[in-house]
Every structure is written in C-alpha cells, then in structure tokens.
Asker: 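Let me begin by handing over the structure; questions about it come next.
Remember, it's 1-based here, ligands and their atoms both numbered in the order they're listed.
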Amino acid sequence: MTAQNAPDENDVRNALGAVAGDRLASVRLGRDALTVVLEVGGLDTLGRDRLEIAVRGAYADLARNSDELPPLRVAQMAERGEASAHDSAPVAKQPPKRPLRIVAVASGKGGVGKSTVSANLAIALARAGRKVGLVDADIYGPSQPRLMASEGERPQARDKKLIPVATRFGVPMLSMGHLAEPGQAIAWRGPMAGNALAQLIDANWGDVDTLVVDLPPGTGDVQLTMIQRFKPAGAVIVSTPQDLALMDAARAVGFFDKASVPVIGVVENMSGYACPHCGETSEPFGRGGAEASAHEMGHPFLGRIPLTIDIRTRSDAGEPPAAEDGAAAEPFVTIAAQVGAWLDRTQTPEAVGA
Ligand SMILES: Nc1ncnc2c1ncn2[C@@H]1O[C@H](COP(=O)(O)OP(=O)(O)OP(=O)(O)O)[C@@H](O)[C@H]1O
C-alpha cells in the first residue's frame, strides 16, 4: 500500500482480484467512486450475487482501514473480452465454482425442533450421496455443535474465509457456537447478526453443493439477510401440530412466498407420543394439523416426526438418529428423500456450474 495508508488503484485491484479472480474485468478509482466491472457470463443469479457480495466485502475491508476510498460502484457485464488493456492486470485465476444450493430450514416460533430437523436432514441427505454442509444460522442460540458432536471445535480461516469444521457424520458445518465461547450470549443487533451469518455461508465449502441452513425462529433481520444476500433454493418449514405453532408456521410460509423462495414443504414434528413403557400413543400436541395446513397453503407435506424420548436423548448426546439405521432414522430418511427429489427436479443446467 502507498504512504499514509491510502490504497491506490493497484492495491484495490489486488484486493478485489483475490476474491473475484479473472471475473474482475476492470477497476477504476475516481474521485467520487471506485468503479468495478465484473464479468459474469455463465453465472446464474445466485453466482452473480455471490461474486458481487464477495467484491463488496473485500472493498469494505479495505475501506475500513482508509477514509480516503470513495463509495464503490459495481457493474456486471455478461460477455468476456470487454475489459480494456489498462485494466487487465493479472489476477489470481480461479476455476468457476459450483454454486451452492441453500436449503433453509425455518419455523415461525422457537422450540419446535427446527435444529433437530436441520441436523438430521443434512445427515440423511449426505447418506443418500449428496455433498452436504450445515450452517447454524441460529446465531442467538446455536445448538448445532451439541447436536453434531462438534462442541469445542474452532474453525480455521484461510484467505479470510472460514473453513468448516468436519464432523463424524460426513457433514462439514459452521456455527456461531464454534466462534463464541460456550454459554456466551450472542446479543447482536441486526446488521452485525447479518454479517455473522454471511461469514458462515460465504465460507470455504469445498465440494459441498447443498447447504442446509438452520435459521433462527421467526421472520426477523437474520432471515431477511439470508434471503436478500444468499437466496435459498428452497425452504423447509417445521411446525408442531398445535394451532398456535401452525399459525406461526403459516407466517413463515408467507414470508418465503413473498420473497419468492419456493417452499419445499412442511414437516410436522413432535407428532404423537409413543409411551416407551406401555406402548400407547398419545397426541400431546394433536396430530395432522401441519399436513392439513400445508395443503391449505398449497405446499407439499414432507412428513411427520414422532415425539420420542429417544430423539431427545440422542440429540442431547450428539448422536443424531439419522446417522444410524433403524426406526428412529426413518422419518428423517423419508423427509430427506423428498427434499432430495425436489432438489433434483428443480436443478437447472446453470446451477451445476459453468
Ligand atoms: N421429535 C422430537 N422428539 C423428542 N424431542 C424432540 C423432538 N424434536 C425436538 N426435540 C427436542 O426439543 C428441544 C427443542 O428442539 P430444537 O432445539 O431442535 O428446536 P428449535 O426449534 O431449533 O428450537 P430453537 O428455535 O429454540 O433453537 C430439544 O431438546 C430437542 O431434543
């Protein structure tokens, strides 16, 4: 960098080139704006958004250390070969990346088993042969490190990107719980929370092509950031069968509908309790409500997970039922099969990468 900590055009080009590779077509530092042209030919919308976000992030990092940099203006062009000779400084070549397809797991309210469903869905999809990663975006109460037996792990970073933590279930993952001290309350305001989430999603995911994202309950800032910055391929809504939870679930469905994120379907969790002693099944929260609501809202019903002590104790012990064969895994296998089929059905040629 030049004197007085003021980056010049070359510094900016190097910093942005590190994230954009040969997609960085030109960089021009003017008095009122830094104008960047990105070559986005062959990228789908998600890929284009990702590229622009990465460039904006790198520029924000640079601008944080210098009050002399003007606002950034980004233009996208869809054909190669338009960059001028002046701007064609060598930048790191990077192979085009396979875009990640995000499956958001959401619920209208807390405690309905969204994290349990996310973890087991990710594992069941991985066991069915997909390259799956898991992000715990429930940054206010991250529970995935416990569910996935990765408490105490600390992710490394390379080139300013986090490297996901490996788990013994073949599903790499990232959670705010890996970055904060155990038990530390993460009381961040909206924008910070959004940035934290962006770090987890925009990590070095390697060959992962499907990212299951466990969203915090409700329809607040973090969910909005998620949808605006990293548009999910689809959303799975988790609800318990009682009326109040279903009303909240309907709100979550409406939120995704409005944002034009396809709802893959609705899962009914804690549906019917089979007493481990007498075998009798009772319905503490009712049964079938989520299925009826899903159909009313015009979305598929993906399946029902019973309320069992086994699911709770295994989850608490970091032994997700979907990792093993047997009755406890079945509901998750059924749900994952439908989510997998949906992903295959909606796969566009563009989405598998250039
Ligand atoms: N089907 C089930 N049977 C028994 N216990 C369950 C079941 N699903 C979830 N639980 C238990 O319910 C509690 C809440 O589940 P979980 O953390 O997955 O919910 P959540 O919706 O993600 O909650 P929050 O929004 O507060 O993070 C956990 O103790 C979990 O083990």
Asker: Output yes when the distance from some N or O of ligand 1 to some N or O of Thr308 is under 3.5 Å, and no in every other case.
Answerer: yes

Asker: What's the verdict on side chain to side chain contact (heavy atoms under 4.5 Å, CB included) for Ser115 and Leu147, showing C-alpha distance, side-chain angles and the deciding distance?
Answerer: CA-CA 8 Å; Ser115 302; Leu147 284 164; 3.7 Å; yes

Asker: Please report whether ligand 1 has a polar contact with Asp138, defined as an N or O pair separated by less than 3.5 Å (distance criterion only).
Answerer: yes

Asker: So which protein heavy atom does atom 11 (C) of ligand 1 come closest to, and at what separation?
Answerer: Arg312 CG, 4.0 Å

Asker: Counting heavy atoms only, which part of Pro306 comes closer than 4.0 Å to ligand 1: side chain, backbone, both or neither?
Answerer: backbone

Asker: Could you check which of Gln144, Arg314, Met270 puts a non-hydrogen atom nearest to atom 10 (N) of ligand 1?
Answerer: Met270

Asker: Just jot down the ligand 1 atoms closer than 4.0 angstrom to any heavy atom of Gly110, in number order.
Answerer: 25 (O)

Asker: Using the side chain to side chain contact (heavy atoms under 4.5 Å, CB included) rule, pick out the option among Leu302, Ile305, Val212, Val112 that qualifies with Val117.
Answerer: Ile305

Asker: Please classify the Val238 to ligand 1 contact at 4.0 Å (heavy-atom distances, strictly less than): side chain, backbone, both or neither.
Answerer: neither

Asker: Check Arg101 with Asp209, please: is the shortest side-chain N to carboxylate O separation under 4.0 Å?
Answerer: no

Asker: Within the 3.5 Å criterion, strictly below it, is a donor on His299 or Asp257 matched to an acceptor on the partner's side chain?
Answerer: yes

Asker: Under 3.5 Å, which donor-acceptor pairs do the side chains of residues 318-331 form with other protein atoms, sequence neighbours left out?
Answerer:
from, atom 1, to, atom 2, distance (Å)
Glu324, OE1, Arg314, NH1, 3.3
Asp325, OD1, Arg127, NH2, 2.9

Asker: I'd like to check atom 2 (C) of ligand 1 in this structure: does the protein have a heavy atom lying under 4.0 Å from it?
Answerer: yes

Asker: Of the choices Thr313, Thr116, Leu147, Leu307, which has the non-hydrogen atom that lies closest to atom 9 (C) of ligand 1?
Answerer: Thr116

Asker: Taking distance alone, with no angle check, do Ile305 and ligand 1 share an N/O pair under 3.5 Å?
Answerer: no

Asker: Does any N/O atom on Ser115 come nearer than 3.5 Å to any N/O atom on ligand 1?
Answerer: yes

Asker: Select one of side chain, backbone, both or neither to describe which atoms of Val117 lie under 4.0 Å from any atom of ligand 1, heavy atoms only.
Answerer: neither

Asker: So, taking the atom named OG in Ser107 and the one named CG in Asp248, what distance separates them when rounded to the nearest 0.5 Å?
Answerer: 8.5 Å

Asker: Where do Asp202 and Arg229 land on the salt bridge (Lys or Arg N to Asp or Glu O under 4.0 Å) test, with the steps shown first?
Answerer: CA-CA 10 Å; Asp202 194 19; Arg229 293 174 73 172; over 6 Å; no

Asker: Apply the side chain to side chain contact (heavy atoms under 4.5 Å, CB included) test between Leu34 and each candidate in Leu69, Leu62, Val74, Leu16; give the one that qualifies.
Answerer: Leu16

Asker: Only heavy atoms of Pro217, strictly under 4.0 Å: list the atoms of ligand 1 that pass.
Answerer: 25 (O)

Asker: Give me the residue, atom name and distance of the protein heavy atom closest to atom 8 (N) of ligand 1.
Answerer: Asn269 ND2, 2.9 Å

Asker: Would you say ligand 1 has an N or O under 3.5 Å from any N or O of Lys114?
Answerer: yes

Asker: Would Gly111 count as being in polar contact with ligand 1, using the rule that some N or O on each side must be under 3.5 angstrom apart?
Answerer: yes

Asker: For atom 19 (O) of ligand 1, grab the closest protein heavy atom and report residue, atom and distance to one decimal in Å.
Answerer: Gly113 N, 3.0 Å

Asker: For Asp159, look at atom CG and say whether over 12 heavy atoms of other residues, nucleotides or ligands are found less than 6.0 Å away.
Answerer: no

Asker: I need the minimum non-hydrogen distance between Ser271 and Glu268, along with the two atoms involved.
Answerer: OG-OE2, 2.9 Å

Asker: Distance alone, cut at 3.5 Å: any donor-acceptor contact between the side chains of Ser315 and Thr116?
Answerer: no

